[in-house]
Amino acid sequence: MIKTSLLLRILARGPLITSCSSKNGSGYVAIRSASSLQEPYESSEDDESNNNIDWNNLGFGLMQTDYMYTMKCGKDEQFKQGQLTRYGNIELSPSAGVLNYGQGLFEGTKAYRREDGGLFLFRPQQNAIRMQIGAERMCMPSPSIEQFVDAVKQIALANKRWIPPSGKGSLYIRPLLMGSGSILGLAPASEYTFLVYASPVGNYYKEGTASLNLYVEDEYHRTMRGGAGGVKSITNYAPVLKAMCKAKDRGFSDVLYLDSENKRNVEEVSCSNVFILKGNVLSTPVTNGNILEGITRKSIMDIACDFSYKVEERCIPIEELIDADEVFCTGTAVGVAPVGSISYKGKRTEYKMSTELACLKLYSRLVEIQKGTIEDKRGWIVQVD
Ligand SMILES: *Cc1c(COP(=O)(O)O)cnc(C)c1O
Ligand SMILES: *[C@@H]1O[C@H](CO)[C@@H](O)[C@H](O)[C@H]1NC(C)=O
């Protein structure tokens with residue numbers, strides 16, 4: 001029998017572009033591109049310079065950075081040692097578990113630069129724990145918390161020149177865990193890859209910091225009971241694209257999903273959690289396995305307790321949003337975003353906007369903790385350098 005080892009270059013390598021150049025119309029930034037997996041990391045003089053970037057107009061698009069981190073292990077093994085290499089395309093077998101059966105997870109965390117130049121992460125251990133829980137659900141081995149946090153720190157340091165100046169944005173760090181080994185019949189893959197890359201980002205929505213107009217979807221659902229909605233499985237995201245694109249084409253910012261059983265209870269937005277405020281009570285849907293347990297969600301709940309709000313995790317029927325005082329979304333990518341309107345069954349409900357919104361007060365406190373201008377009494381901040 002002939003043993004074939006087909007290797008697929010997932011994306012054709014683009015032309016080699018030397019030296020930094022500025023952003024063109026598509027938000028693509030040409031940088032030194034180099035072949036991956038060959039050149040190990042070496043800190044050099046020019047790591048500090050990045051003068052051509054317009055830090056004032058960062059959106060949430062991919063801007064290639066210098067280095068990525070890769071660590072592999074076999075099925076039934078443990079991750080041991082990873083390495084930094086130049087950012088570039090990766091090779092995968094056409095029969096890789098992730099390509100054929102969606103055996104993959106992602107995470108998202110950010111590195112911030114403070115006024116004094118120091119680099120910080122926000123609760124990266126929580127992302128590590130969430131990846132471990134997700135890996136168990138998706139039958140994958142996962143990096144230890146120490147390995148995960150160490151990789152995230154290494155990526156922040158190696159790509160330091162891509163971390164925006166204080167207040168202009170952050171370095172979004174994207175860890176992936178995937179079944180990279182070959183498999184033909186449905187089963188867990190034979191090999192796993194933990195990969196971390198990063199991109200500088202500003203605001204997630206084109207609305208910037210303005211309020212969001214959400215479309216309440218009652219036809220498509222994000223997940224269902226017994227599914228994988230509670231973990232950051234890559235399989236939860238492509239199925240929402242249709243509802244999301246339809247809503248965006250009609251001028252909405254994003255979609256708010258309802259539970260698939262009753263088509264009535266609020267779950268979350270495509271990649272953020274949702275809260276409602278009524279009087280002094282702040283409520284968010286209880287995490288019942290359908291909802292991604294956001295780190296921003298948990299942090300905002302803690303901060304709300306500090307401000308003496310009554311915080312409830314419970315089932316929230318859509319009718320309650322209609323007479324809420326405030327509705328807002330939370331996530332690492334979006335931060336805390338006030339909702340200006342929701343549209344449900346042809347009826348639009350608008351919320352009063354002002355600079356006095358409770359959600360903005362909660363968000364300011366979170367940002368102050370991240371900036372270091374207020375005491376981090378819960379140990380949320382991790383210093384990188
Ligand atoms: C990532 C994500 C969130 C937000 O989680 P954070 O940890 O706050 O970034 C919320 N909902 C979904 C579906 C997500 O994928
Ligand atoms: C931007 O650059 C990329 C890569 O060189 C190219 O594919 C794309 O067409 C460019 N877009 C514009 C609008 O020039």
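Hydrogens, waters and symmetry mates are skipped; everything else that's a heavy atom, side chains included, is used. The chain is numbered in sequence order, starting from 1. As the structure is a prediction and not an experimental result, all values here were calculated from the model. Every number for a ligand or one of its atoms is a count from 1 in the order of the listing.
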Residues in contact with ligand 1, criterion: heavy atom under 4.0 Å: Arg130, Arg222, Lys232, Tyr237, Glu268, Ser270, Cys271, Ser272, Asn273, Leu292, Gly294, Ile295, Thr296, Gly331, Thr332
Could you pull out all donor-acceptor pairs under 3.5 Å where a side-chain atom in residues 183-199 meets a protein atom, sequence neighbours excluded?
unit_1: Ser190; atom_1: OG; unit_2: Ser182; atom_2: O; d: 3.4
unit_1: Glu191; atom_1: OE1; unit_2: Ser180; atom_2: OG; d: 2.7
unit_1: Tyr192; atom_1: OH; unit_2: Gln103; atom_2: OE1; d: 3.4
unit_1: Tyr192; atom_1: OH; unit_2: Gln103; atom_2: NE2; d: 3.1
unit_1: Tyr192; atom_1: OH; unit_2: Ala189; atom_2: N; d: 2.9
unit_1: Tyr192; atom_1: OH; unit_2: Ala189; atom_2: O; d: 2.8
unit_1: Thr193; atom_1: OG1; unit_2: Lys72; atom_2: NZ; d: 3.4
unit_1: Thr193; atom_1: OG1; unit_2: Ser180; atom_2: OG; d: 2.6
unit_1: Ser199; atom_1: OG; unit_2: Gly61; atom_2: O; d: 3.3
unit_1: Ser199; atom_1: OG; unit_2: Met63; atom_2: N; d: 2.9
unit_1: Ser199; atom_1: OG; unit_2: Met63; atom_2: O; d: 3.4

Going through the distances and angles, do Phe275 and Ser283 end up as a side-chain contact (heavy atoms from CB on, under 4.5 Å)? CA-CA 6 Å; Phe275 282 84; Ser283 311; over 6 Å; no
Other residues, nucleotides and ligands only: do more than 12 of their heavy atoms fall within 6.0 Å of CD on Glu136? no
For Arg365, check salt bridge (Lys or Arg N to Asp or Glu O under 4.0 Å) against everything at least two apart and list the hits. Glu368
Determine which pairs satisfy side chain to side chain donor-acceptor pair (under 3.5 Å) with at least one residue from residues 232-241, sequence neighbours left out, and list them in order. Ser233-Thr235
Please give me the minimum heavy-atom distance between Phe122 and Thr109, naming the atom from each residue. O-OG1, 3.8 Å
